[in-house]
Amino acid sequence: MSLPEVLTRPLTLPVLASPLFISSGPELVAAQCQAGVIGSFPALNARPVSLLDDWLAQLREENAAYAAAHPDEIVAPFAVNQIVHRTNDRLDQDMALVVKHEVPVVITSLGAREEIYDAVHSYGGIVLHDVIDNRFAHKAIEKGADGLIAVAAGAGGHAGTHSPLALIREIRDWFDGPLALSGAIGHGRSILAAQAMGADLAYIGSAWLTTPEANNSADYKQMILESGADDIVYSNLFTGVHGNYLRGSIVAAGLDPTDLPVSDPSKMNFGSGGNTKAKAWKDIWGSGQGIGPLTESLPVKDLVAKWKREYDEARSDLLSTLGV
Ligand SMILES: Cc1cc2nc3c(=O)[nH]c(=O)nc-3n(C[C@H](O)[C@H](O)[C@H](O)COP(=O)(O)O)c2cc1C
């Protein structure tokens, strides 16, 4: 199957920047698009709802102005993430704005709903739905999603437990549409690995939290730069859904990361609290396992340029290993 037109436009790297609750706003997304990778943010980050209207207009204008001033550079499209969950009471209002601004790519999480897909298709947009297993992948495509984001073990925020090798293979066995791989990608070589596995795009989240353009605290940025895979704790305590978090932030909240209680999933409270006094995302910091290669805070453009060098080097190493 050929990819939808919006995903075939040239990119600096085959990367879709994932939405980051609280941390991704117009500054980060504009920098991602202007570095030539698809940027994204959760609609819920724009508060109140009217701010979403402003952000969407601003992003379109800024990217168009940048493209006009830099005709030789790649400016990528952007995506908006909708949390399709009963706790999201803004979904209808946010979707109306997505339709008004004809957002080219919509990322849905935590629920697959036909009316969302229909709304995006009404103006020619596409929807990528994120899934942690093959069963949810089937459901999303049956309901009308155009593509999938396979969220494998080691991803930041809410994450699955499947190996990326297993998950991509199972999905690719029956689905040849747009597919992104999410989880622990923080190096150019890993972007090439995602393609080698069968994904069209690498879906990257935690790495952006080290950039000056991301809307997270300096302490959070520094903890990511100093941490590696050993410092990531997988727990469902904070939102009711299993996810990966920085050990240091759990300790700072007065909890023992080696002895966290298991939470009751029916008490899920995504994004506005959690099952402890410490608030998920604000006090308990999400991060995936792929942060080891990130040792300095680079502006988005420089981070993408670094990944591009690593990617090109990995590609030529691979071709020479294969004797091509
Ligand atoms: C701090 C943080 C916040 C996140 N917020 C969201 C969100 O609002 N919506 C969403 O669909 N995914 C969210 N994610 C998950 C990402 O979309 C993505 O699956 C993940 O970051 C990819 O793994 P990586 O962090 O190892 O690159 C978040 C991840 C992190 C680390």
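Atoms within a ligand are numbered from 1 in the order they appear, just like the ligands themselves. Please read these numbers as outputs of a predicted model, since none were measured by experiment. Just the heavy atoms: all of them, side chains too, but no hydrogens, waters or symmetry mates, feed the values below. In what follows, residues are counted from 1 in the order of the sequence shown.
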Engineer: Without swapping roles, check the side chain of R9 against the backbone of V75 for a donor-acceptor pair under 3.5 Å.
Structural biologist: no
Engineer: Suppose I only count heavy atoms of S109 and a 4.0 Å limit; which atoms of ligand 1 are within that range?
Structural biologist: 10 (C), 11 (O)
Engineer: So how far is it from Y234 OH to L237 CG, rounded to the nearest 0.5 Å?
Structural biologist: 14.0 Å
Engineer: Below 4.0 angstrom from a heavy atom of I204, which ligand 1 atoms are there? Numbered from 1 as shown, please.
Structural biologist: 27 (O)
Engineer: Should I185 be counted as touching ligand 1, given the test is an N or O pair under 3.5 Å?
Structural biologist: no
Engineer: Whether the side chain of N45 engages the backbone of I22 through a donor-acceptor N/O pair (distance < 3.5 Å, no angle test) should be reported.
Structural biologist: yes
Engineer: Under the side chain to side chain contact (heavy atoms under 4.5 Å, CB included) test against L110, which residue among T87, I83, V84 passes?
Structural biologist: I83
Engineer: Any N or O of V151 that comes nearer than 3.5 Å to an N or O of ligand 1?
Structural biologist: no
Engineer: Quick one: list whatever passes side-chain hydrogen bond (donor to acceptor under 3.5 Å, both in side chains) with N216, sequence neighbours left out.
Structural biologist: K221
Engineer: Only heavy atoms of G154, strictly under 4.0 Å: list the atoms of ligand 1 that pass.
Structural biologist: 26 (O)
Engineer: Under 4.0 Å from a heavy atom of G286: which atoms of ligand 1 are those, numbered in the order shown and with their elements?
Structural biologist: 1 (C), 31 (C)
Engineer: To the nearest 0.5 Å, tell me how far E27 CD sits from E213 CD.
Structural biologist: 6.0 Å
Engineer: Are G290 and ligand 1 in contact, using a heavy-atom cut-off of under 4.0 Å?
Structural biologist: no
Engineer: Start with the C-alpha gap between W285 and D219, add the side-chain angles, then the distance that decides, and say whether side-chain hydrogen bond (donor to acceptor under 3.5 Å, both in side chains) holds.
Structural biologist: CA-CA 10 Å; W285 297 335; D219 288 347; over 6 Å; no
Engineer: Can you tell me if D130 uses its side chain to pair, donor with acceptor, with the backbone of I149 under 3.5 Å?
Structural biologist: no
Engineer: List ligand 1 atoms under 4.0 Å from D130, heavy atoms only on the residue side.
Structural biologist: 11 (O)
Engineer: Atom 26 (O) of ligand 1: which of A152, A184, P42 has the nearest heavy atom?
Structural biologist: A184
Engineer: So which of A207, G157, A43, S24 gets nearest to atom 31 (C) of ligand 1, if we judge by its closest heavy atom?
Structural biologist: G157
Engineer: Just say parallel, tilted or perpendicular for the rings of W307 and W208, cut-offs at 30° and 60°.
Structural biologist: perpendicular
Engineer: Is the shortest N/O to N/O distance between G156 and ligand 1 below 3.5 Å?
Structural biologist: yes
Engineer: Below 4.0 angstrom from a heavy atom of I83, which ligand 1 atoms are there? Numbered from 1 as shown, please.
Structural biologist: 9 (N)
Engineer: For ligand 1, indicate whether the residue W281 contacts it via side chain, backbone, both or neither (heavy-atom separation under 4.0 Å).
Structural biologist: side chain
Engineer: Any nitrogen or oxygen of S206, main chain or side chain, under 3.5 Å from a nitrogen or oxygen of ligand 1?
Structural biologist: yes
Engineer: Give the numbers and elements of all ligand 1 atoms closer than 4.0 Å to a heavy atom of N81.
Structural biologist: 7 (C), 8 (O), 9 (N), 10 (C), 11 (O)
Engineer: Tell me which one of P19, S18, A150 gets a heavy atom nearest to atom 14 (N) of ligand 1.
Structural biologist: P19
Engineer: Which atoms of ligand 1 are found less than 4.0 Å from any heavy atom of S182?
Structural biologist: 18 (C), 19 (O), 20 (C), 22 (C), 23 (O)
Engineer: Any heavy atom of Y220 sitting closer than 4.0 Å to ligand 1?
Structural biologist: yes
Engineer: Could you tell me whether the side chains of H121 and D146 share a donor-acceptor contact shorter than 3.5 Å?
Structural biologist: yes
Engineer: Is it the case that the side chain of S287 and the backbone of G156 share a donor-acceptor pair, with hydrogens and angles ignored and the cut-off at 3.5 Å?
Structural biologist: no
